[in-house]
Amino acid sequence: MTDPRAARREKLRQIEAMGIDPFGSRFDDRTLIADCRRQASEIKFKTNDGELLALPDFDAEVDYRQWKADHGPGEEIGPTVRVAGRIMLSRPTGKLIFLNIKDWTGSIQIFVGKKQVGDDDFSLAKLFDLGDLVGAEGRLGRTNTGELTVFAEKLFFHTKMLEPPPEKHAGLTNADLRQRMRYADLAFNDGPLETFLNRTRIIKSIRETLDSDGFCEVEGPTLHTVAGGAAARPFETHHNALDMPLTMRIALELHLKRLMVGGMERVYELGRVYRNEGLSPRHNPEFTMLEAYQAYGDYGSMMDLTERIICNAIESIGGGYEREYGGQTIDFTPPFKRATYAELFQQATGIDSGDEASVKAYALKLGLEIEGKHPDVIRNEIFEEKVEDTLTGPIFVIDYPASICPLTKRKQGNPDIAERFELFICGMELANAYTELNDPDLQQKLFETQLEGLDDEESMAKMDHDFIRALRHAMPPAGGLGVGIDRLVMILTGQKSIRDVILFPVLRPES
RNA sequence: GAGAGUGUAGCUCAGUCGGUAGAGCAUUCGACUUUUAAUCGAAUGGUCCUGGGUUCGAGUCCCAGCACUCUCACCA
């Protein structure tokens with residue numbers, strides 16, 4: 001019998017025959033492997049004269065067997081630990097088996113000697129397969145090579161793995177299988193578990209930053225009758241009892257603003273939004289967004305907040321402000337650079353973004369379609385083409401052309417400029433913030449005035465009468481911020497694909 | 001939606017000019033009480049993505065389809 005699955009089931013049967021539950025049970029007083037590593041310094045060598053010696057430094061070239069001969073006779077002593085985890089490697093050498101097990105804090109070697117654990121446990125150990133969840137209780141010590149090891153006195157069986165594991169060295173590399181079987185990716189590949197734990201730390205840190213700034217977290221509706229607040233195609237669904245169409249939200253904005261009208265002066269939501277668009281290494285149809293609104297603030301307040309959120313997030317996962325991404329070094333030491341849209345436009349193209357004729361000529365040179373488009377739309381297409389990719393950042397691009405920002409307050413004394421910034425890192429737009437428009441009549445007008453050159457789908461300006469009515473109840477002047485959390489996690493964890501920071505990205509069904 | 005690439009054993013991958021399907025790991029058996037990708041000896045394991053076509057003969061060439069990856073488009 002050499003079918004791996006059948007072999008595993010046969011061993012499961014033999015474990016049961018030994019009176020052991022192959023799917024285990026509660027295991028108390030467990031020592032996490034990271035704690036074992038912390039306790040390594042408690043391992044001492046006790047000479048027969050009763051002298052306690054610290055162990056040699058195993059980072060240096062040292063022959064521990066020789067060291068013991070030189071300092072002996074005596075014996076090693078160390079704390080007793082109780083570990084549990086998944087078997088990643090197994091090296092049987094006759095009446096002795098070395099196992100490497102992994103829990104979610106690290107991995108450690110287990111020494112299983114027939115004499116040391118007894119015949120029954122040794123027979124059990126011979127039924128262990130790679131991927132099984134097992135436990136061991138024993139003394140923490142060092143082998144002759146200095147490897148930190150649990151010298152098992154008792155073994156436990158926790159759960160049988162009935163599927164064959166991936167190749168033990170290369171792991172699971174097929175990108176489709178990694179996403180489809182994320183459990184196997186997390187369990188057997190180096191890296192993914194740490195990346196996703198870092199994602200959790202980053203999100204926790206973001207909440208802490210906002211909470212300590214006095215923001216309150218809320219949960220807006222994910223089912224909308226009008227999907228507004230962003231330019232995107234929504235997913236459409238249907239409510240049976242009410243017999244009416246609903247759409248999944250594409251942004252958090254409009255409901256959070258309603259809450260500011262209601263008196264929630266600092267409010268945020270960290271949640272999933274859904275956009276019915278193509279997939280790419282930077283796009284998943286559902287993704288996580290942070291939106292935060294601060295009454296009596298403006299886009300400048302949001303710039304400070306953005307910096308704090310990102311710097312705290314970096315500190316929560318360690319590694320310092322200088323980070324590598326896509327072969328570039330990004331320095332997150334605050335304050336981040338700031339430059340106006342017009343400056344960057346001028347630098348990249350050599351022309352004045354206010355000079356409409358030159359802008360049009362430049363667009364034609366780039367081969368852009370300009371027919372029937374609003375000058376600001378053309379301007380922005382050039383900006384996206386020539387500027388965005390070059391922004392290694394982190395850099396705040398500030399003061400956007402007003403007409404491409406229908407939810408933004410205009411700069412005082414300059415109605416053509418919107419008080420908006422976008423934060424760019426490695427050519428990716430990571431955050432977007434405004435001094436929020438709170439004039440209901442102007443908002444209504446902007447909703448009604450579709451931008452030239454934009455069809456309904458492309459426009460943010462979808463009429464939402466209830467939102468306008470809310471604004472008429474007085475929304476305080478405010479700053480608002482949106483952050484693409486998945487992209488932030490990508491950059492902070494060094495992942496090149498959004499699918500490596502989303503646990504279960506959208507996939508076609510398995511054939 | 002467009003273009004390019006990939007699809008072979010449970011996993012990671014070779015496969016030449018079209019001529020009997022290969023390796024490593026895993027699995028099974030044997031040896032081994034300080035190994036660490038343990039080692040050594042032996043064995044087992046295939047719908048070569050699917051369906052057509054060309055050919056005496058197709059993993060290999062052609063056509064169509066499916067899936068994944070990358071680039072572009074939409075978008076954040």
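Just the heavy atoms: all of them, side chains too, but no hydrogens, waters or symmetry mates, feed the values below.
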Q | Donor-acceptor pair present, Glu147(A) side chain and U35(B) base, under 3.5 Å | A | no

Q: For G53(B) versus A58(B), give the span between their C1' atoms, rounded off to a whole number of Å.
A: 11 Å

**Q.** U33(B) phosphate, OP1 or OP2, under 4.0 Å from Thr143(A) side-chain N/O
**A.** no

Q.
Over all strands shown, is Lys11(A) touching base, sugar-phosphate only, or nothing at heavy-atom distances under 4.0 angstrom?
A. sugar-phosphate

Q: Could you give the distance separating A31(B) and A37(B) at their P atoms, to the nearest angstrom?
A: 25 Å

Q: Select base, sugar-phosphate, or nothing to describe what Glu163(A) touches, counting heavy atoms under 4.0 Å on all strands.
A: nothing

Q. Pick the nucleotide of RNA chain B nearest each of Phe151(A) and Pro285(A); which residue has the one closer to the 5' end?
A. Phe151(A)

Q. When the nearest nucleotide of RNA chain B is assigned to Arg8(A) and to Gly94(A) on a heavy-atom basis, which residue is associated with the more 5' position?
A. Arg8(A)

Q. Under 4.0 Å: is that the gap between some side-chain N or O of Arg91(A) and OP1 or OP2 of U35(B)?
A. no

(Q) Regarding Tyr64(A), tell me which of base, sugar-phosphate or nothing describes its non-hydrogen contacts under 4.0 Å with the strands shown. (A) nothing

Q: Indicate whether any N or O donor in one side chain lies under 3.5 Å from an N or O acceptor in the other, for Gln66(A) and Tyr64(A).
A: no

Q. What does Gly484(A) touch in the nucleic acid at a heavy-atom separation under 4.0 angstrom: a base, only the sugar-phosphate, or nothing?
A. nothing

Q: Among the candidates C32(B), U12(B), U27(B), find the nucleotide nearest to the side-chain atoms of Thr93(A).
A: C32(B)

